[in-house]
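Ligands are counted one by one from 1 in listed order, and the atoms in each one are counted from 1 as well.
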Amino acid sequence: MIIVIDGPAGSGKSSTAKTIANRLGIQFLDSGALYRAITYLWLKGGKPDKAEFFENLPKVQLQTEYRDQTFFVQADGEDLTDQIRTQHVADHVSEIASYKEARSFVNRYMRNLVTEGAYIADGRDLGTAVFPDADLKFYMDASLEERANRRFLEMRETDQSVSLEDVMKNLRSRDQKDQSRENDPLKKANDAVVIDTTGKSFDEQVSEMIQVIKGKTTLN
Ligand code: C5P
């Protein structure tokens with residue numbers, strides 16, 4: 001069973017999906033974290049030539065686990081959970097995610113992972129490209145100002161140097177890149193349920209989505 005949530009950066013997909021996973025007793029899968037992990041590895045390697053980097057990428061052993069409200073990511077045994085959340089990684093992730101080699105690596109990992117159990121996953125292309133037959137699809141959105149403000153408050157907890165202006169610039173540029181790229185762009189699936197969270201409280205949006213899930217799947 002797989003439920004997917006797509007939408008632009010900072011629309012609240014991950015925090016909502018985590019809460020829903022906890023309430024319904026299912027697993028959470030954060031596809032953005034996997035693109036961030038690849039981006040971190042590319043930056044750590046000193047921004048090597050992309051062809052060479054992608055040729056070696058399939059050898060990387062990814063491991064993920066959702067526990068205690070956190071999506072843990074390891075690559076070749078190194079824990080990357082905190083390192084992938086920096087502004088530096090955010091500034092480069094949409095570029096790396098635009099390459100088809102990055103997308104097929106992440107997609108293969110995700111499709112293998114969800115073969116057993118029930119998952120709620122969030123990303124950009126899950127309902128359109130990765131899991132077109134998902135049991136249920138959501139598309140979450142909110143105004144750019146609201147998304148930037150929420151992401152700013154979240155990032156400030158671990159990175160005091162971040163500014164609201166930088167966060168807004170980054171979201172705008174990532175959305176633009178994610179929507180216009182050739183390989184699996186950010187797009188609402190035709191059969192997705194749209195949730196606009198502008199002006200809604202977190203509890204309201206979670207309750208609304210849980211009601212839809214209970215009405216449309218076997219989960220309760
Ligand atoms: O969800 P998050 O903001 O962590 O995602 C980081 C970046 O990873 C996005 O801006 C996008 O470029 C890329 N991404 C993607 N496809 C997904 C999930 C994330 O291209 N399914």
| Just checking, any donor-acceptor pair under 3.5 angstrom between side chains of Asp30 and Tyr35? |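 Checked: Asp30/Tyr35 side chains show no N/O donor-acceptor pair below 3.5 Å.
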Check each N or O atom of ligand 1 against all protein N or O atoms and list the pairs under 3.5 Å, with atom names and distances to 0.1 Å, one per line.
{"residue": "ligand 1", "atom": "1 (O)", "partner": "Arg124", "partner atom": "NH1", "Å": "3.0"}
{"residue": "ligand 1", "atom": "3 (O)", "partner": "Arg36", "partner atom": "NH2", "Å": "3.4"}
{"residue": "ligand 1", "atom": "3 (O)", "partner": "Arg124", "partner atom": "NH2", "Å": "3.1"}
{"residue": "ligand 1", "atom": "3 (O)", "partner": "Arg174", "partner atom": "NH1", "Å": "2.8"}
{"residue": "ligand 1", "atom": "4 (O)", "partner": "Arg36", "partner atom": "NE", "Å": "2.6"}
{"residue": "ligand 1", "atom": "4 (O)", "partner": "Arg36", "partner atom": "NH2", "Å": "3.3"}
{"residue": "ligand 1", "atom": "10 (O)", "partner": "Ser94", "partner atom": "OG", "Å": "3.4"}
{"residue": "ligand 1", "atom": "10 (O)", "partner": "Arg124", "partner atom": "NH2", "Å": "3.3"}
{"residue": "ligand 1", "atom": "10 (O)", "partner": "Arg174", "partner atom": "NH1", "Å": "2.8"}
{"residue": "ligand 1", "atom": "10 (O)", "partner": "Asp178", "partner atom": "OD2", "Å": "2.9"}
{"residue": "ligand 1", "atom": "12 (O)", "partner": "Ser94", "partner atom": "OG", "Å": "2.9"}
{"residue": "ligand 1", "atom": "12 (O)", "partner": "Asp178", "partner atom": "OD1", "Å": "2.7"}
{"residue": "ligand 1", "atom": "12 (O)", "partner": "Asp178", "partner atom": "OD2", "Å": "3.3"}
{"residue": "ligand 1", "atom": "16 (N)", "partner": "Arg103", "partner atom": "NH2", "Å": "2.9"}
{"residue": "ligand 1", "atom": "20 (O)", "partner": "Arg103", "partner atom": "NH1", "Å": "2.9"}
{"residue": "ligand 1", "atom": "20 (O)", "partner": "Arg103", "partner atom": "NH2", "Å": "3.3"}
{"residue": "ligand 1", "atom": "20 (O)", "partner": "Arg181", "partner atom": "NH1", "Å": "2.8"}
{"residue": "ligand 1", "atom": "20 (O)", "partner": "Arg181", "partner atom": "NH2", "Å": "3.1"}
{"residue": "ligand 1", "atom": "21 (N)", "partner": "Ser31", "partner atom": "OG", "Å": "3.1"}
{"residue": "ligand 1", "atom": "21 (N)", "partner": "Arg124", "partner atom": "N", "Å": "3.0"}
{"residue": "ligand 1", "atom": "21 (N)", "partner": "Asp125", "partner atom": "OD1", "Å": "2.8"}

| Should Arg172 and Asp175 count as an ion pair when the cut-off is N to O under 4.0 Å? |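 Salt bridge between Arg172 and Asp175, a charged N being under 4.0 Å from a carboxylate O: no.
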| Electrostatic pair Asp125-Arg103, nearest N-O below 4.0 angstrom |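 Here Asp125 pairs with Arg103 in a salt bridge, since their nearest N and O are under 4.0 Å apart.
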| query | Has the side chain of Lys137 got a donor or acceptor atom that lies under 3.5 Å from a matching backbone atom of Pro132? | reply |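 Yes: the side chain of Lys137 pairs with the backbone of Pro132.
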Sequence neighbours excluded and cut-off under 3.5 Å, please list the side-chain donor-acceptor pairs for residues 200-207, or say none.
{"residue": "Lys200", "atom": "NZ", "partner": "Asp196", "partner atom": "O", "Å": "3.0"}
{"residue": "Lys200", "atom": "NZ", "partner": "Glu208", "partner atom": "OE1", "Å": "3.0"}
{"residue": "Ser201", "atom": "OG", "partner": "Glu204", "partner atom": "N", "Å": "3.1"}
{"residue": "Glu204", "atom": "OE1", "partner": "Ser201", "partner atom": "N", "Å": "2.8"}
{"residue": "Gln205", "atom": "NE2", "partner": "Thr16", "partner atom": "OG1", "Å": "3.0"}
{"residue": "Ser207", "atom": "OG", "partner": "Asp203", "partner atom": "O", "Å": "2.8"}

| request: Can you see which heavy atom on Ser31 is nearest to which on Met110, and at what distance? | output: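 Looking at all heavy atoms of both residues, the closest pair is CB-SD, 3.4 Å.
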